[in-house]
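All chains are named by letter (A, B, ...) in the order of the sequence lines, taking the proteins before the strands, and each is independently numbered beginning at 1. These values consider heavy atoms only, across backbone and side chains, with no hydrogens, waters or symmetry-generated copies.
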Amino acid sequence: MNFESLSKSSGEWLKGCGIESDIVISSRIRLARNLAGFPFPNRASNFQKAEIENLLKDRIQTLEFEQKFEYVSLTALNTLDRQFLVERQLISRELAANDGPRGVALGNLESLSLMVNEEDHLRLQVMRSGFSLESAWETINKLDDFLEKKVSYAFHEEFGYLTACPTNVGTGMRASVMLHLPALDFTKQIDKVFRALQRINLTHRGLYGEGSRFSGHFFQISNQVTLGKSESAILNEIYSVIPQIIDYERQARVAWKKDNGQILQDRISRAFGTLSSATMMTSDETMELLSYVRLGIHMKMIEDVDINTVNELFIQTQPAHLQKLMGSTLDGEERNTARAKFLRSKLRSSGSTSN
Amino acid sequence: MICKYCSKPATIHLTDIVGGQKKITNICKECAEAKQLLKQSDNDLPGILQGLISKHIGKEADELSKLVCPDCGTRYMDFRAQGRLGCPKDYNHFKLGLEPLIEKIQHSKKHLGKIPKRNPDLSGKRSDEILKIRQELKKAIELESYEEAARLRDLLREKESPDEF
């Protein structure tokens, strides 16, 4: 797999197209599956993990599915390449950090990834740009059907699909929608939204999933409960609540502009100014400032900046991506310099702020 | 001894220390209750029940702590400490402890979602078979009986692929 060529594009999740894509970044569904007759990865010996890996690798690669898969063994990758896959959301931080035989099968459209020997034997994941859980479910359900013909899943009459952690048992499904909510975050209304979500068994996480920080005003909303409801019932619950959050964010943006338009304009202009002229930039500051530029573009408060360029910059300025693009490994300070230079070259060519 | 109030046989003997002087009051149960001389906790039914329940739970917890999955060797206590089960069979072996826990975190204990269309391993019977064949295979390899090992390997392949049933 040629990671260098991948690094030049934004990947599926930050394409910035699709339904409601000014607020909904991406939709994602993952299914946790395990093979009958093997211990879960946390209990399996390296020998057993290799057996599991070989079996799944073979079945996945010979699958007559609409997409072909390329299997990448994590043990063959260096830390930078692992981090690169985490940044692209193709693998989890847990898979990158685990040890023993494990890997990921990547679909050729970069929207599908199948993790082997993460917390469960198999984690199927599909990603879509914008708000489209339905199409994501269609794809992953079909892929699951294809796989089910090739392997014997651990399934229990009462508890459904069995998983290493009982928080995933049943459907094994986690559906999530990544939202960009700068106005709700800035006006501190986001906590109200989170409390309301909690009451209906939906949960929220940061950009890179469980335990990750809230960065760049990105939030992932997902189902907490995986048992006792059908997949479509769970998806419907998310479907019914996301438009309301989108609506709140839009209202908050309008109110923000109306009440504090000058301050907002200043913030957006400063963000753009800093990004296009600073000589050292950390990853965190970049996320924060790009978030304001993204907001500015969607609120028509900044002109001549291409939204695709900004969406790509969110991922291209992440540490591993940056090093891939520069073609060399860089330490923290070198990265901050390289990042600033990269941002300047990408943003200076176009862009001016309106008043 | 008779009751101080009604002359029935006294069954309760209250001891009070008043000004360094010990004073014993003999009294029957009816009078003690009528005059509310007994402490609430002495005949407090919910309290007694609570005691019974905790005794019962203690026994159950004791039972749970002894549970070990014969297939993967995981102890129920390992699961409670780490939050991860050892193998799919743990769901049967630890059911006593797992079921209430699952109900608590999932607000349900019944799967209503997708069911594998083809040969779901409903009772865990197939994984039992697979485990058994794999153990035999290991033994065959150790004993260097390669013909038997080859036969078992093919059988294993068949069992692991529901498509080829």
(message) Taking CG in A:D99 as the centre, count heavy atoms belonging to other residues, nucleotides or ligands within less than 6.0 Å. Is the count above 12?
(response) no
(message) Tell me whether the count of non-hydrogen atoms from other residues, nucleotides or ligands lying under 6.0 Å of CD in B:E103 goes above 12.
(response) yes
(message) For A:E64, I'd like to know if atom CD has over 12 heavy atoms of other residues, nucleotides or ligands within 6.0 Å.
(response) no
(request) Determine whether more than 12 heavy atoms belonging to other residues, nucleotides or ligands lie under 6.0 Å from atom CD of A:Q61. (result) yes
(message) Is it the case that atom NZ in B:K8 sees more than 12 heavy atoms from other parts of the structure closer than 6.0 Å?
(response) no
(message) Looking at A:E138, I want to see if its CD is surrounded by more than 12 non-hydrogen atoms of other residues, nucleotides or ligands under 6.0 Å.
(response) no
(request) Taking only Lys NZ, Arg NE, NH1 and NH2, and the carboxylate oxygens of Asp or Glu, determine whether A:D120 and B:R84 approach each other closer than 4.0 Å. (result) no
(request) To the nearest 0.5 Å, tell me how far B:I115 CD1 sits from A:Y161 OH. (result) 8.0 Å
(request) Would you give the length of the straight line joining atom CG of B:L85 to atom CZ of A:F40, rounded to the nearest 0.5 angstrom? (result) 6.0 Å
(request) Name the region of A:N168, side chain, backbone, both or neither, that has any atom closer than 4.5 Å to a heavy atom of chain B. (result) backbone
(request) Assign the ring pair A:F155 / B:H111 to parallel, tilted or perpendicular, where the plane angle (0 to 90°) is split at 30° and 60°. (result) perpendicular
(message) Using a 4.5 angstrom heavy-atom cutoff, name the option from A:G160, A:P166, A:P39 with the most pairs to chain B.
(response) A:P166
(request) Compare all side-chain heavy atoms of A:F159 with those of B:N92 and state whether any distance is below 4.5 angstrom. (result) no
(message) Between B:L112 and A:K229, is there a side-chain heavy-atom distance shorter than 4.5 Å?
(response) no
(request) Answer with side chain, backbone, both or neither: which region of B:I105 has an atom nearer than 4.5 Å to a non-hydrogen atom of chain A? (result) both
(message) As an exercise, state the distance from OG1 of A:T226 to CD of B:Q106, rounded to the nearest 0.5 Å.
(response) 3.5 Å
(request) Against chain B, label A:S232 side chain, backbone, both or neither, depending on which of its atoms sit under 4.5 Å from a heavy atom there. (result) neither
(message) If you count heavy atoms of other groups shown closer than 6.0 angstrom to NZ of B:K138, is the number above 12?
(response) no
(message) I'd like to verify something: which residue of B:C69, B:G73, B:C87 has the highest number of heavy-atom pairs under 4.5 Å with chain A?
(response) B:C87
(request) Mind ranking A:N34, A:N141, A:I234, A:L162 by heavy-atom pairs under 4.5 Å with chain B and telling me who comes out on top? (result) A:L162
(message) So, using side-chain hydrogen bond (donor to acceptor under 3.5 Å, both in side chains) as the criterion, who are the partners of A:K57 when residues are at least two apart?
(response) none
(request) Taking all non-hydrogen atoms of both residues into account, name the closest pair between A:G228 and B:S108 and its distance. (result) CA-OG, 3.1 Å
(message) Under 4.5 Å from any heavy atom of chain A, what part of B:K95 do you find: side chain, backbone, both or neither?
(response) side chain
(message) If the condition is side-chain hydrogen bond (donor to acceptor under 3.5 Å, both in side chains), which residues does A:E66 pass it with, not counting sequence neighbours?
(response) A:K142
(request) With a 4.5 angstrom heavy-atom cut-off, could you sort out which part of B:D90 is near chain A: side chain, backbone, both or neither? (result) neither
(request) Using a cut-off of under 4.5 Å on heavy-atom pairs, state which of A:S230, A:A164, A:G170 scores highest against chain B. (result) A:A164
(message) Quick check on A:L35 against chain B: is it the side chain, the backbone, both or neither that has a heavy atom closer than 4.5 Å?
(response) backbone
(request) Enumerate by number any residue of residues 143-154 of chain B whose heavy atoms lie under 4.5 Å from heavy atoms of chain A; in the absence of such residues, state 'none'. (result) none
(request) Taking only Lys NZ, Arg NE, NH1 and NH2, and the carboxylate oxygens of Asp or Glu, determine whether B:K109 and A:E158 approach each other closer than 4.0 Å. (result) no
(request) Any chance you could measure B:F79, atom CZ, to A:N42, atom CG, to the nearest 0.5 Å? (result) 11.0 Å
(request) Would you name the heavy atoms of B:G83 and A:C165 that are closest together and state the gap between them? (result) O-SG, 3.8 Å
(request) Mind checking the CZ-CG spacing from A:R43 to B:D78? Nearest 0.5 Å is all I need. (result) 5.5 Å
(request) Run through A:L31, A:D145, A:T171 and flag the one making a side-chain contact (heavy atoms from CB on, under 4.5 Å) with B:K114. (result) A:D145
(request) Taking side-chain hydrogen bond (donor to acceptor under 3.5 Å, both in side chains) as the test, write out the residues that go with A:E231, two or more places apart. (result) none
